[in-house]
Chemist: 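One structure follows; several queries about it will come next.
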2 protein chains.
Amino acid sequence: MKILVVDDEALLVKGIRFNLQNEGYKVITASDGLEALQLVQTQNPDLVVLDVMMPNMDGMTACSKIREFSDVPIILLTAKTEDMDKLMGFDHGADDYLTKPFNILELKARIRALLRRAGTAERRTPSHHLTTGSITLDLDGRNAYKSGVMVELTAKEFDVIEFLMRNPNRVYSREALLDTIWAYEYRSDIRTVDVHIRRLREKLEENPAEPKHILTKWGVGYYFKK
Amino acid sequence: MKILVVDDEALLVKGIRFNLQNEGYKVITASDGLEALQLVQTQNPDLVVLDVMMPNMDGMTACSKIREFSDVPIILLTAKTEDMDKLMGFDHGADDYLTKPFNILELKARIRALLRRAGTAERRTPSHHLTTGSITLDLDGRNAYKSGVMVELTAKEFDVIEFLMRNPNRVYSREALLDTIWAYEYRSDIRTVDVHIRRLREKLEENPAEPKHILTKWGVGYYFKK
DNA sequence: AATATGGATGCGCGGTTTTTTCATGGGAAC
DNA sequence: GTTCCCATGAAAAAACCGCGCATCCATATT
């Protein structure tokens with residue numbers, strides 16, 4: 001079981017890490033919301049402990065954003081009880097809350113409870129997502145997430161990346177892509193595929209010039225590397 | 001249990017907050033009727049304590065307006081016993097009344113009683129509402145509320161928005177909407193969907209030209225963003 | 001029965017966004 | 001070094017949506 005702990009107070013994180021590792025959990029850490037978002041995406045933890053007060057992106061916002069693409073159980077930490085009130089009002093999608101300073105035993109108990117619940121209880125509305133590395137497709141909303149940040153895709157762009165991600169590590173010629181994705185539409189120029197690949201790289205790759213997932217097979221076509 | 005306390009006398013609010021928090025309740029506050037209306041809408045408290053004399057919108061009016069879209073228990077506070085007589089005459093939908101100055105112990109007792117009663121009553125007749133942001137659907141009355149203000153919807157309009165709000169963040173093509181909402185009726189023109197979406201935006205969005213919830217997914221269809 | 005009213009539907013124009021096409025330069029393969 | 005092949009920028013072409021307005025239809029009113 002892998003737990004992501006997010007807080008900008010290094011000492012507190014160190015303490016939690018020590019305690020949870022003693023309990024047999026794997027622990028990864030982040031010090032702000034943005035980092036947290038990326039780690040949830042790339043490391044796929046089984047549970048997240050998230051502080052509310054943080055630089056870059058606060059815990060509430062991070063929580064909402066994580067919920068856009070993941071159902072991982074989340075525990076929010078807050079410093080004051082008054083903040084807690086505010087927290088409870090809005091639906092950030094957190095599963096549990098804890099006020100600082102807290103008893104480490106209580107945190108451990110709540111983690112156990114949540115993991116048990118997540119393991120048995122049926123998920124809320126089963127969300128339809130497709131994830132590889134830092135790229136996630138939201139099949140319902142027809143959008144993508146790059147390191148947890150939403151990226152809007154056009155209709156054709158989505159069709160192309162969905163097909164490639166559903167059949168990873170497999171090379172498709174431009175003709176094949178036109179046949180499957182453009183199907184019975186007017187048969188367009190073969191270079192059209194290139195342009196869509198370019199747009200996808202611009203939107204989804206960290207460095208579009210050196211793509212890590214949306215790759216070219218020279219003289220053959222394109223493929224999605226998992 | 002979350003309680004909304006509404007009064008323009010800051011000192012009194014502070015006192016009530018202190019006492020109720022000691023009792024283990026979460027407390028949120030407002031200083032006039034308008035603010036109260038919004039908080040009931042967005043924060044969904046379990047009980048409301050409402051002063052009658054207030055700027056912007058008095059407690060009686062606020063009470064009536066809250067009743068249009070919520071069954072939350074309400075306790076009205078009034079300064080003079082004479083006003084109380086008047087109050088009792090009209091039906092504002094309040095559940096209990098208290099004359100200032102009151103004993104804090106009495107307020108606490110009445111809150112306990114109301115919450116207990118609501119706890120059992122709610123299980124029998126759950127109120128049917130669907131809320132996101134400033135938009136609320138009244139499933140029984142088949143009307144909508146925009147920031148607490150009632151908006152009349154026609155039959156088809158209600159069908160469309162109800163379906164979209166029950167399945168938020170999910171894109172539906174016009175065909176899919178016609179199939180599910182228009183079901184077995186005569187299959188109308190695909191543009192019909194556009195027109196209903198337009199009407200809904202005019203009625204429910206703050207700025208219909210820049211909708212925040214009822215959104216278009218270019219080349220695909222429409223969706224309700226939560 | 002005739003008329004009025006309000007909702008649902010159909011159509012087309014104009015502006016916007018997406019998709020496709022095209023030209024050019026730079027890399028990869030041999 | 002030569003020959004393909006692909007990436008990139010720009011711009012044309014096509015597709016699509018929003019909106020006003022006309023029409024159809026059902027129900028209520030007189």
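When reading the values below, keep in mind they use all heavy atoms of this one structure, side chains included, and skip hydrogens, waters and symmetry mates. For clarity, every value in this text was computed on a predicted model and none was experimentally measured. The sequence lines fix the lettering, A, B, ..., with proteins before strands; numbering per chain opens at 1.
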Chemist: Strictly under 6.0 Å, is that where the ring centroids of A:Phe163 and A:Phe224 end up?
Modeler: no

Chemist: Would you give a per-nucleotide map of nucleotides 5-22 of chain D, 5' to 3', where B means the base has a protein non-hydrogen atom under 4.0 Å away, S means only the sugar-phosphate does, and - means neither?
Modeler: BSSBB------BSSBB--

Chemist: Between B:Thr154 and C:dG6, is there a side-chain N or O to OP1/OP2 distance below 4.0 Å?
Modeler: no

Chemist: If only side-chain N and O atoms of A:His196 are considered, is one of them under 4.0 Å from the OP1 or OP2 phosphate oxygen of C:dT18?
Modeler: no

Chemist: What is the minimum heavy-atom distance between B:Cys63 and B:Ala94, and which atoms define it?
Modeler: SG-N, 3.7 Å

Chemist: Expressed as a whole number of angstroms, how long is the span from B:Glu157:CD to C:dG7:C1'?
Modeler: 8 Å

Chemist: Could you give the NZ-to-P distance, from B:Lys156 to D:dC25, as a whole number of Å?
Modeler: 15 Å

Chemist: Determine whether A:Glu68 and A:Tyr145 make a side-chain contact, defined as any pair of heavy atoms from C-beta on separated by less than 4.5 Å.
Modeler: yes

Chemist: Between C:dT20 atom C1' and A:Ile181 atom CD1, what is the distance in whole Å?
Modeler: 15 Å

Chemist: Strictly below 4.0 Å: does B:Trp182 bring a side-chain N or O up to OP1 or OP2 of C:dT9?
Modeler: yes

Chemist: Taking CZ from A:Phe158 and P from C:dT18, how many angstroms apart are they, rounded to a whole number?
Modeler: 15 Å

Chemist: Can you tell me if A:Thr180 uses its side chain to pair, donor with acceptor, with the backbone of A:Ala176 under 3.5 Å?
Modeler: yes

Chemist: For A:Asn143, check side-chain hydrogen bond (donor to acceptor under 3.5 Å, both in side chains) against everything at least two apart and list the hits.
Modeler: B:Lys217

Chemist: Rounded to the nearest 0.5 Å, what separation is found between the CG atom of B:Leu204 and the CG atom of B:Leu153?
Modeler: 5.5 Å

Chemist: Whole-Å distance between C:dA8 P and B:Leu177 CG?
Modeler: 15 Å

Chemist: With a 4.0 Å cutoff (strictly under), does any side-chain N or O of A:Thr192 reach OP1 or OP2 of C:dT21?
Modeler: yes

Chemist: Please report the distance, rounded to the nearest Å, between CG in B:Leu153 and C1' in C:dG6.
Modeler: 15 Å

Chemist: Ion pair present between A:Asp159 and A:Lys156, side-chain N to carboxylate O less than 4.0 angstrom?
Modeler: no

Chemist: When you compare the side chains of A:Glu35 and A:Ser31, does any donor N or O come within less than 3.5 Å of an acceptor on the partner?
Modeler: yes

Chemist: Treating A:Glu157 as the side-chain partner and A:Arg199 as the backbone partner, does any N or O pair qualify as donor plus acceptor under 3.5 Å?
Modeler: no

Chemist: So if I take the C1' atoms of five pairs at each end of the helix from C:dA1-D:dT30 to C:dC30-D:dG1 and get each local axis, what angle do the two axes make, rounded to 10 degrees?
Modeler: 40°

